[in-house]
Every structure is written in structure tokens, then in C-alpha cells.
Participant: 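Have a look at this one.
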2 protein chains.
Amino acid sequence: MEIGATRLRAKASWLINKTSLHAHRLVAEGLGSVDARGYHFAILAALDEYGPASQAAVSQRTGIDRSDTVAMVNELVDQRLVVRAPDPDDRRRNVITITPAGRRRLEQLETVLSEVQDELLAPLSAAERRQLVGLLARVLDHHTSQSG
Amino acid sequence: MEIGATRLRAKASWLINKTSLHAHRLVAEGLGSVDARGYHFAILAALDEYGPASQAAVSQRTGIDRSDTVAMVNELVDQRLVVRAPDPDDRRRNVITITPAGRRRLEQLETVLSEVQDELLAPLSAAERRQLVGLLARVLDHHTSQSG
DNA sequence: GGTATACCGTTGGTCAAGCCAACGTTGGCT
DNA sequence: AGCCAACGTTGGCTTGACCAACGGTATACC
């Protein structure tokens, strides 16, 4: 495709959506090649940074819906990358803990995703990449703080 | 939600995908309030800029799948915003032409979308918005030119 | 102490987007 | 004439994001 339509291209929303599609596809391909999914990385990363947490906490930190978190944690448990145990202090909760294997997996996914970022942002310099990330982060912050 | 996880936030792919979600929602809400969809604007804009064209051409220029284009053109025809006529020079083709009402509609949607852009990019200055649009356009160009 | 209220994990389902395969029709090429 | 490519159209598939509701549990308030 040779997308034109200046009116379309001038719309940030359109650019973001289209770019997101490419990003999404690249991520899915990259992670798919090692039998993982984006959600796996998100959850492992959250557990690694914040330590063991309830599924609700994981859900909040990753922005993944509670119901979807259940399925993802199931998959991670099956792969022995995390452990799910009832919280003795609050029996409503399950405490999810990342395992050593989970940490190794996280590093593997980190590597894969770094390569994907490179591919995605190929035409941009290092400075420009930082710019883009900074701008997007600000936009995202604005909307997540006031609405979500 | 109070999304943290620096590892996640540092990934451009993640930022783009999340931001895209907000953008998509805002666009859907904005256009929904005047009973339109993103695809409508895309098609009307393409027809306005390039003149009458076959559905295949519209499809290419907007990046909308051929099969989805059929449905969208149907809707636009129902609203008398475009006309679909067989091409006498090539009977495989339908020539889609925007009507005067279609142009008025396009301007209406343009207005709505401008407001949506404002809302989406609220935390950014005008210069920063141009920066963001420029960076995204370059990323998008890179991937659309080499992969289809 | 008992009741209402809020939270947690889980199940099940919805909805729209983006795709893809296939078909009949038509055009172009050789 | 015969083959291949393009077009419009139908139908369906997959996935991500989301929502509603439930039983079970903790907390707050009276």
C-alpha cells in the first residue's frame, strides 16, 4: 500500500492507530517465535519490579483486565514461570510470585522485545526514539491519570 | 489505573499500543456522536483528495481491506454521501464518487476529529504535536513502504 | 454481633477490527 | 483461444479489549 491522503496523515489519531498495528504485529511475531505473548512480558515485568503481588495489583499495574489476567497467570503457572498461592493474610487474594525460571524468561523476552523496538523504530535516531517515547508517555499519563 | 512498571513504559511498542487505545476510543466516541465511523472519514477524505476512484484504489489509499471497504461504501451510499456506479471503461470496477452532501459531511467530521486531536494531545504544545506527528509518520512510512 | 459494603478471583460472554479465502466476473496478454 | 491478473463481494475467522455476574472474603459501621 502507498498510503496517501494528506488529510488522513495529518491526524495524530490515525497515525497512532496505524503505527500501533505495525507495532502490535511485530511484537506478536517476535514473541510468537519464542512461544510468548505480550501479556506474559507485561506480567513478568510487573512482578519483577514490584515483587509478589495479588492478581488485582498486577492487573492495575499492567492495565490488563482482571479476567484476562486470570488466563495469563494460568499460562505462566503452567510454564512454571510464576507461582500462584493463596494469601494467608487475605484469603480473597492469590499471591503471584515470579520464579527463577520466570526471571530468565523475562530476560529472554526483554531481549526479543529490544530487537523488536529496533525494528519498529528503525528510521529514527536514538535521540528521536527518546523523544517519541517521552511524548507518548506524556499523552498516556494525561489520559490514564484522569480517566482510567 | 496507575500504570507503573518502568520496563513496560520504556517500550515504545507498549506506549504506542496503549496510546492507540485511547485514541481509538476518543475517535469512536467523537464520531459516534454524529453517527459516523473512522472508516467513513478515511474514505471520504480519500475521495475528496484524489477524486472518483475504484473501490480497490480507495482500499489502497486508506489501508482498509477490500472486503471492509464494500461495507463502508454501502453505508456511505445509503446516506447519499457517495455514489457507486459501474465504470464503463472497465466493467470490473465500481467508480465511487463523493457527493456535495459527502463533502459537507467530510467537513463536519473534520471538525469533530480536530477536536478529538486536541483532546488526545492535550498535554502537548503545538510544536510537540508536530514533532510527534512527524516521528510517527516516518515510522509508518518505513513500514508501509517496505512491507505492504 | 450483625449487617451492609467493597474487594478478589473466576467464568462466560460480547463487540469491533483486521484479515483471509474463495467465487464469479471482467480485462489484458500472448 | 487460453491463461493469468484484477475487481467486487460474501462469508467467516481470530484477537484484543471489555463487561456483567457470581461466590467467597474482608472491612466498616451501626
Side-chain angles (χ1 to χ4, degrees), chain A residues 1 3 13-14 16-29 31-32 37-43 53-77 82 84-96 143-144 147-148, chain B residues 1 3 13-14 16-29 31-32 36-40 42-43 52-77 82 84-96 144 147-148:
Chain A
M1 55 182 158
I3 291 168
S13 56
W14 189 85
I16 290 174
N17 287 151
K18 281 288 180 191
T19 309
S20 167
L21 245 94
H22 285 279
H24 202 273
R25 195 171 42 79
L26 289 175
V27 167
E29 284 174 8
L31 292 182
R37 310 211 231 158
Y39 280 168
H40 294 175
F41 174 77
I43 291 178
S54 72
Q55 292 181 197
V58 169
S59 206
Q60 267 195 334
R61 286 169 191 158
T62 57
I64 301 173
D65 189 88
R66 281 190 303 166
S67 60
D68 299 323
T69 302
V70 175
M72 292 305 113
V73 170
N74 285 342
E75 294 181 8
L76 293 173
V77 167
V82 306
R84 170 156 41 195
D87 184 342
D89 295 343
D90 185 343
R91 294 200 325 243
R92 292 174 301 182
R93 294 183 172 142
N94 287 335
V95 176
I96 313 299
H143 292 281
T144 49
S147 77
Chain B
M1 55 183 157
I3 290 170
S13 56
W14 189 83
I16 290 174
N17 287 150
K18 282 287 181 192
T19 309
S20 167
L21 251 105
H22 285 279
H24 202 272
R25 196 172 41 80
L26 290 174
V27 167
E29 284 173 10
L31 293 182
R37 308 212 232 158
Y39 281 169
H40 293 176
I43 291 177
S54 71
Q55 292 182 198
V58 169
S59 207
Q60 267 196 332
R61 285 168 192 159
T62 56
I64 301 173
D65 190 88
R66 280 190 304 165
S67 60
D68 299 322
T69 302
V70 175
M72 291 307 112
V73 170
N74 284 342
E75 294 181 8
L76 293 173
V77 166
V82 305
R84 172 157 41 195
D87 184 342
D89 296 343
D90 184 343
R91 294 200 324 241
R92 292 173 301 181
R93 293 183 173 143
N94 288 335
V95 176
I96 312 300
T144 48
S147 76

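Chain naming here is simple, since letters A, B, ... match the order of the sequence lines and numbering starts at 1 in each.
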Participant: Starting at OG of B:Ser67, measure out to CE of B:Met72 and round the result to the nearest 0.5 Å.
Facilitator: 10.0 Å
Participant: If you look at every heavy atom in A:Ser20 and B:Asn17, which pair is closest and at what distance?
Facilitator: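 Reported closest heavy-atom pair: OG-ND2, 2.7 Å.
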Participant: Under a 3.5 Å cut-off for both distances, is C:dT30 Watson-Crick or wobble paired, and to whom?
Facilitator: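 Base-paired to D:dA1.
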Participant: Closer to the 5' end of DNA chain D via nearest nucleotide, is it B:Ala57 or B:Leu21?
Facilitator: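 Mapping each residue to its closest nucleotide by heavy atoms, the 5'-most match is B:Ala57.
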Participant: Just how far, in rounded Å, is C1' of D:dT15 from NE2 of B:His24?
Facilitator: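 Rounded to whole Å, this separation is 14 Å.
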Participant: Over all heavy atoms of both residues, which pair between B:Ala53 and B:Val58 is shortest? Give the atoms and the distance, please.
Facilitator: CB-CG2, 4.2 Å
Participant: What is the distance from CD of A:Glu75 to P of D:dT15, rounded to the nearest Å?
Facilitator: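 Atom CD in A:Glu75 sits about 11 Å away from atom P in D:dT15.
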Participant: Pick the closest DNA chain D nucleotide for A:Tyr39 and for B:Ala53 by heavy atoms, then say which residue is nearer the 5' end.
Facilitator: B:Ala53
Participant: Classify the nucleic acid contact of B:Thr69 as base, sugar-phosphate or nothing, counting any heavy atom under 4.0 Å across all strands shown.
Facilitator: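 Nothing: the residue B:Thr69, judged by heavy atoms under 4.0 Å, touches no strand.
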Participant: Please state how far atom CD1 in A:Ile43 lies from atom P in D:dG16, giving the value in whole angstrom units.
Facilitator: 13 Å
Participant: What are the atom names and distances for every N/O pair under 3.5 Å that joins the protein to nucleotides 26-30 of chain C?
Facilitator:
unit_1, atom_1, unit_2, atom_2, d
C:dG27, OP1, B:Arg91, N, 2.8
C:dG27, O4', B:Arg92, NE, 3.4

Participant: Does either side chain, that of B:Arg37 or that of B:His40, offer a donor lying less than 3.5 Å from an acceptor on the other one?
Facilitator: no
Participant: Between protein and nucleic acid, restricted to nucleotides 20-22 of chain C and to nitrogen or oxygen atoms under 3.5 Å apart, what atom pairs and distances do you find?
Facilitator:
unit_1, atom_1, unit_2, atom_2, d
C:dC20, N4, B:Ser67, OG, 2.6

Participant: Apply salt bridge (charged side-chain N to carboxylate O under 4.0 Å, His left out) to A:Arg66 and list each qualifying residue two or more places apart in sequence or on a separate chain.
Facilitator: none
Participant: Calculate the interatomic distance between B:Glu29 atom CD and C:dA16 atom C1'; express it in whole Å.
Facilitator: 15 Å
Participant: Counting just side-chain N and O atoms, does A:Asn94 come under 4.0 Å of either OP1 or OP2 of C:dT10?
Facilitator: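 Result: yes.
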Participant: Minimum heavy-atom separation for B:Pro86 and B:Asn94, please, with both atom names.
Facilitator: CA-OD1, 4.0 Å
Participant: Does any part of the side chain of B:Leu26, heavy atoms only, come nearer than 4.5 Å to the side chain of A:His143, both counted from C-beta?
Facilitator: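 Sidechains of B:Leu26 and A:His143: in contact.
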Participant: Any chance you could measure A:Leu21, atom CG, to B:Ile16, atom CD1, to the nearest 0.5 Å?
Facilitator: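 Taking CG in A:Leu21 and CD1 in B:Ile16, the distance rounds to 11.5 Å.
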Participant: Look only at the side chain of A:Ser59 and the backbone of A:Ile64, and say whether a donor-acceptor pair between them is shorter than 3.5 Å.
Facilitator: yes
Participant: Rounded to whole Å, please give me the gap between CG in A:Leu31 and C1' in D:dG16.
Facilitator: 15 Å
Participant: Can you tell me the distance, in whole Å, between the CG atom of A:Asn74 and the P atom of C:dG12?
Facilitator: 12 Å
Participant: C:dA16, OP1 or OP2 - any side-chain N/O from B:Arg37 closer than 4.0 Å?
Facilitator: no
Participant: Whole angstrom is fine here: how far is it from CG in B:Asn17 over to C1' in C:dG18?
Facilitator: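 Result: 14 Å.
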Participant: May I have the distance from A:Arg93 (atom CZ) to D:dG23 (atom C1'), rounded to whole angstrom?
Facilitator: 18 Å
